[in-house]
> 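Take this structure first; my questions come after.
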Amino acid sequence: MMINGKIWLSSPTMHSEEMKFIQEAFETNWVAPLGPNVNEFEKEMAAYIGIGHAAALVSGTSALHLAVKLAGVKPGDTVFCSDLTFSATVNPVSYEGGVQVFIDSERETWNMDPHALKKAFEKYPACKCVIVANLYGTPAKLDEIVAICDAHGAVLIEDAAESLSATYKGRQTGSFGKYNVLSFNGNKIITTSGGGMLLSDDKEDIKKARFWATQSREPFPWYEHEEIGYNYRMSNIVAGIGRGQLLHLDEHRALKKKIYETYKAAFTDIDAINMNPYLPCSEPNFWLSCILLDNHLKLTPMDIINALANRNIEARPIWKPMHRQPVFAARDFICMEGDTGNEIFERGLCLPSDIKNTDEDMELVISIIRGMVA
Ligand SMILES: *Cc1c(COP(=O)(O)O)cnc(C)c1O
């Protein structure tokens, strides 16, 4: 549906329950601090994922920061990170003085290549922390990655910010790491306008995260501090939006899948266009539908993005790999043969995947792209 005259990549989709939970918060004056919506949102999300404990926070980035702290990353420590991802996956390593080493992607899910991860441990055997992201809602090769981390005694942090409700061998993403991160930013599959969550089976660690997130206040009548704290807790109003959205998460995923299947069917006769792939043992949440253009096509992703933009349709390049970002120019990058992530960046793009888009919107997007490739 055109909203404000535009077909969107992925915009918030609200229902009626969000306001009900916010209304309750106003009526009981749980506007602040924290309050029942925060406690319930944590419990409901932990139950949905199938994990023991959760801390609701102001953003996915703050959840990643606390995960990196809990993993014990100290200044100078090496942390292996997904390379083809949003910068928020890897920035928190720098907050703690750690040093990212970027691991290339494989072609079957576009996520961290387990072979490259193994190679990285040969070069940096002392590494004790790995951060893997599930790109665009597609689960990584999680069994292989967990096994490699276990073999090296490394803590795994799973960045499931884009993959909430996706499953791998029947198990929810956001449960494979010792620490797991969700985001409820505006364009994610469900949103609280802004927010995030840290999840773990370790009760004490989640308690510690809540402590750091509320300014590290020691249990004294006055403000007593033994550690540096942060103001990272989610508000009770924001958590109310989250509780309402969670009721519609499975419905959102079904609509995202329909968008993916529609694009896939529309491009199936064009060999030069391929959808973002996933493993048969996984069920993505199809957060963003992406295509990869064959090398022999003269057409570039930016040609398509610009053509769509001319019709007020939002599409986007693939995340630019972290090892090619100026800010990380000094960091190491481990790949097998070739730079797979960069090839995907140079030949791929994200298509409009907003669940409010109509059949007519989809037809328009598809006809513009088909017209350019044919
Ligand atoms: C959105 C996103 C984040 C950050 O979440 P915020 O809530 O925006 O801080 C982290 N990692 C990935 C992969 C994301 O897509």
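All values derive from a computational prediction rather than experimental measurement. First listed ligand is number 1; within each ligand, the first listed atom is number 1.
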> As an exercise, identify every atom of ligand 1 less than 4.0 angstrom from a heavy atom of Thr89.
11 (N), 12 (C), 13 (C)

> Considering only protein heavy atoms, which is closest to atom 11 (N) of ligand 1, and at what distance to one decimal place?
Asp159 OD2, 2.7 Å

> Going by the order shown, which atoms of ligand 1 are within less than 4.0 Å of some heavy atom of Ala88?
3 (C), 4 (C), 10 (C)

> Taking only heavy atoms of Asn185, which atoms of ligand 1 are found under 4.0 Å from at least one of them?
7 (O), 8 (O)

> Nearest protein heavy atom to atom 15 (O) of ligand 1, by residue and atom, and its distance?
Glu162 OE2, 2.6 Å

> Verify whether the ring centers belonging to Phe333 and His323 lie closer than 6.0 Å.
yes

> Just to confirm my output: which protein heavy-atom neighbour is closest to atom 2 (C) of ligand 1, and how far is it?
Lys188 NZ, 2.9 Å

> Can you find an N/O atom of Trp287 closer than 3.5 Å to an N/O atom of ligand 1?
no

> Tell me the contacting part of Leu135 for ligand 1: side chain, backbone, both, or neither, using a 4.0 Å heavy-atom threshold, strictly below.
neither

> In ligand 1, which numbered atoms sit nearer than 4.0 Å to a non-hydrogen atom of Gly195?
7 (O)

> Do any N/O atoms on Thr85 end up under 3.5 angstrom from N/O atoms on ligand 1?
no

> Would you compute the distance between atom CD1 of Ile366 and atom CZ of Phe267 and round it to the nearest 0.5 angstrom?
5.5 Å

> Taking 4.0 angstrom as the limit and counting only heavy atoms of Ala161, give me the atoms of ligand 1 inside it, by number and element.
2 (C), 3 (C), 10 (C), 11 (N), 12 (C), 14 (C)

> Give a yes/no verdict on a cation-pi contact between Arg171 and Phe176, requiring under 6.0 Å between NZ or CZ and the six-membered ring centre and an angle within 45° of the axis.
yes

> Compute the shortest N/O to N/O distance between Gly60 and ligand 1 and return yes if it is under 3.5 Å, no if not.
yes

> State plainly whether the residues Lys69 and Glu227 are in salt-bridge range, i.e. N to O under 4.0 Å.
no

> Which of the numbered atoms in ligand 1 are under 4.0 angstrom from any heavy atom belonging to Phe86?
2 (C), 3 (C), 14 (C)

> Start with the C-alpha gap between His252 and Gln245, add the side-chain angles, then the distance that decides, and say whether side chain to side chain donor-acceptor pair (under 3.5 Å) holds.
CA-CA 9 Å; His252 285 199; Gln245 286 270 286; 4.8 Å; no

> Around atom NZ of Lys118, are there more than 12 heavy atoms of other residues, nucleotides or ligands at under 6.0 Å?
no

> Hey, are Lys256 and Glu162 close enough for a salt bridge, meaning a charged N less than 4.0 Å from a carboxylate O?
no

> Counting only heavy atoms closer than 4.0 Å, does ligand 1 sit against the backbone of Thr61, its side chain, both, or neither?
both

> Please assess Glu226 against Ser216 for the test side chain to side chain donor-acceptor pair (under 3.5 Å), listing each intermediate value before the final yes or no.
CA-CA 7 Å; Glu226 294 171 11; Ser216 297; over 6 Å; no

> Check if Ala63 has a non-hydrogen atom at a distance under 4.0 Å from any atom of ligand 1.
no

> Could you tell me whether the side chains of Asp159 and Thr89 share a donor-acceptor contact shorter than 3.5 Å?
yes

> Just one of Phe286, Trp110, Tyr168 clears the ring pair (Phe, Tyr, Trp, His ring centres under 6.0 Å) bar with Tyr278, so which one?
Phe286

> Using ring centroids (six-membered ring only for Trp), state whether Tyr136 and Tyr260 fall under 6.0 Å.
no

> Hey, does Ser183 come in under 3.5 Å of ligand 1, counting only N/O atoms on both sides?
yes

> For ligand 1, note which part of Ser59 has a heavy atom under 4.0 Å away: side chain, backbone, both or neither.
both

